[in-house]
Amino acid sequence: MQKPSIPKGTRDFGPAQVARRQHIFNVIRRTFESFGFAPLETPTLENLSVLTGKYGDEGDQLLFKVLNSGDFAKDVTAEDLATGSKALLPKVAEKGLRYDLTVPFARYVAMNRGTLTFPFKRYQMQPVWRADRPQRGRYREFYQCDADVVGTDSLLCEAEIVLMMAQVLGGLGLHDFTIKINHRGVLRNIYQALGGEGRETDLFVAIDKLDKIGRDGVTKELLERGFSEGTIETLFALLGVEGSYEEKLQRLLAGFVTAGVEPDGTRPTEAEDSAATDDITASYRGLTELAEVRDLLVASGFRQFDRLEFDPTLARGLSYYTGCIFEVKINNVQMGSVSGGGRYDNLTGSFGLPGVSGVGFSFGVDRLYDCLEALDLFTSTAETPTRCLITHFDVASGRAALPLLAQLRAAGIPSELYPDASKLQKQFKYADAKGIPLVIVLGPEEIAAGVAKVKIMASGTERVLPLGEVVAAMTVE
RNA sequence: GUAGAUAUAGCUCAGCUGGUUAGAGCGUCGGAUUGUGAUUCCGAAGGUCGUGGGUUCGAGCCCCAUUAUUUACCCCA
């Protein structure tokens, strides 16, 4: 006999887990729909040509590729085998499992550009697959819940992303969270302040690790990568700004001016240098957009600015982001971000539809689940939707229970009759173990008297009711 | 891909310096209670100690290999 198993990084979800997951999905779906997003579903399999090259070299390695049907090796030559997997891959696999929901969405928009009404707002809640090493909060199969808008540059979209993030987390009972926001333009300006060239990625990767390895660690890493000490000092002076959202914007701006950085990367002339601060502010797209998002949030009645943090060190890996970027962390839980997103100016470009700006974000349901569990925030532990169990004693009383069972179901009360004429003790244990709140005892005595006993499991109280009144009484409860 | 940790009952784990018949809690099943759960009491079932080699008079324990799981790095939801 072989021991049964499931692939690494995948999970089964039992009835109680599914019920909890559905709760998370419902909160997210309600929020997305209340902001006017419409549902979309795309295939599990995409053509590899759609997926490859969108996530960087690392991402390509993490794609699950699907072997072609039939004789997948029929086009393979001895030469291909000798060359290695790179030459082999396109001949044996033309499909892959989706890696995220944003790229399939971009493909959908490009394919259906003629029929869509822009701005197009869609949400999507489907599993994605990544072939990386599983560990805490990291699975090979997991669900993402994306909401994206394409076809508008309006910063209202960014503001609404913050509103939706807060609404979903609040709806789940997660109140101690931090929404981090930054702008790729700000990062670009910082990069310019360092006068570097072509090492943007090195820098972002190092900056992103700041909260993990600390300032000393980042300094060491940047020195190893060839940045000078003076440069690194400037970097930390800019990154180290403190204060409120508003204050950080102002101090960062002042820092840029001091460092002599212009938004387009050129050095300012002396004349420009003397220009009024306000004019320069307007030219820093990142800073002005972040200020605008803040104003829109205020006007929308957003009150949780203590949970919204402008973090100049926020980098995020996905290279297609060009504007605002977001990331959400649940505090006091050891878990990566539960949500993230940002604006991309040209996502559909590689599918032949350039110049369409979009902004979107995503919730990781599996991580939200893990956070809720770690914080003990799940209220329902019921393993079944059943509200009422009818117990019986023999074939005759089981038969007699069937009309009542039908009435309960017709009244909208999920109900079941215990299938076997087991000992009453066993039937009650079944109800208790599954968290069924109500048990009806319908034995020979009750049938003879035309009544039923109704027991409320939580309190242990029992009531004897005429058979005709049972359903009505339970509808009230 | 790199580095570490772990693997003993259905689950969570003990198991001393290598020494007789490998233990506990929870869960499961039966009984105390011919028709009442969660609480209490009594009892029972359940293990080729991940797998394969080796050392030894003797291995759950030591050594080697292998597989699986897991944590950190990289990257990310």
Side-chain angles (χ1 to χ4, degrees), chain A residues 1-11 24 28 55-63 98-102 125-146 165 201 204-206 208-209 212-213 217 221 315-319 326-330 334-342 360-371 381 389-394 397 418 421-448 452-462 464:
Chain A
M1 187 187 78
Q2 77 173 48
K3 260 194 181 168
S5 64
I6 55 174
K8 189 193 302 202
T10 66
R11 288 130 330 134
I24 299 173
I28 295 173
Y55 311 104
D57 289 343
E58 297 268 357
D60 285 354
Q61 286 174 9
L62 298 181
L63 287 171
R98 78 170 91 80
Y99 179 89
D100 70 358
L101 300 178
T102 308
M125 308 199 301
Q126 292 188 277
V128 302
W129 291 267
R130 296 183 188 178
D132 59 3
R133 275 248 166 71
Q135 49 189 272
R136 179 199 301 280
R138 171 175 253 190
Y139 307 100
R140 289 188 145 186
E141 177 183 59
F142 60 98
Y143 272 75
Q144 288 192 330
C145 298
D146 273 38
M165 285 174 164
T201 310
F204 291 169
V205 167
D208 205 36
K209 286 191 235 172
K212 221 179 259 175
I213 61 179
E221 184 156 335
R316 295 192 57 75
L318 288 176
S319 47
F326 307 92
E327 199 163 283
V328 180
K329 284 215 65 173
I330 306 300
Q334 206 191 333
M335 177 65 59
S337 57
V338 296
S339 177
F361 75 117
S362 174
F363 284 108
V365 171
D366 306 81
R367 284 187 177 178
L368 283 172
Y369 184 100
D370 292 344
C371 286
T381 55
L389 175 76
I390 305 180
T391 63
H392 70 294
F393 296 78
D394 46 40
S397 57
Y418 196 84
S422 307
K423 291 179 61 174
L424 198 55
Q425 177 177 246
K426 187 164 183 175
Q427 300 187 50
F428 266 88
K429 274 190 174 174
Y430 173 82
D432 183 61
K434 293 216 169 184
I436 299 172
L438 296 166
V439 175
I440 293 178
V441 180
L442 196 62
E445 288 173 22
E446 286 80 9
I447 290 169
K453 263 189 202 168
V454 179
K455 178 162 180 169
I456 300 168
M457 295 295 278
S459 61
T461 55
E462 258 180 15
V464 178

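Within every chain, numbering begins at 1; the chains are lettered A, B, ... in the order of the sequence lines, protein sequences first and strands thereafter. This is a predicted model, so every value here is computed, not measured.
Judged by Watson-Crick or G-U wobble contacts below 3.5 Å, the nucleotide B:G27 has no partner. Shown here, B:U17 forms no base pair; nothing in the strands shown gives a Watson-Crick or G-U wobble contact with both key distances under 3.5 Å. Base pairing annotation: B:U40 forms a Watson-Crick or G-U wobble pair with B:A32, both donor-acceptor distances under 3.5 Å. The nucleotide B:A7 finds its pairing partner in B:U67, both defining distances of the Watson-Crick or G-U wobble pair being shorter than 3.5 Å.
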A:Tyr139 and A:Asp132: CA distance, side-chain angles, deciding distance, side-chain hydrogen bond (donor to acceptor under 3.5 Å, both in side chains) verdict: CA-CA 8 Å; A:Tyr139 307 100; A:Asp132 59 3; over 6 Å; no
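Comparing B:U71 with B:G30, their P atoms are spaced 38 Å from each other, to the whole Å. Taking atom C1' on both B:A68 and B:U21, the two are 31 Å apart, rounded to the nearest angstrom.
Stacking of the aromatic ring of A:Phe363 onto the base of B:A77 is not found under the criterion of centres within 5.5 Å and planes under 30°.
Atom CG of A:Leu438 and atom CE of A:Met457 lie 9.5 Å apart (nearest 0.5 Å).
Evaluation of atom-type donor-acceptor distances gives a pair under 3.5 Å for the side chain of A:Arg367 against the base of B:C76.
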Nucleic acid footprint by protein, nucleotides 31-40 of chain B - heavy-atom cut-off 4.0 Å, B for base, S for sugar-phosphate alone: S---BBBS--
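The nearest heavy atom of RNA chain B to A:Gly137 and to A:Pro134 marks one nucleotide each, and the one closer to the 5' end goes with A:Pro134. The residue among A:Arg130 and A:Ile6 whose nearest nucleotide of RNA chain B is located toward the 5' end is A:Ile6.
Here B:A77 presents its P atom at 17 Å from CH2 of A:Trp129, a figure rounded to the nearest Å.
A tilted orientation is assigned to the rings of A:Tyr99 and A:Tyr55, their planes being inclined by 30° to 60°.
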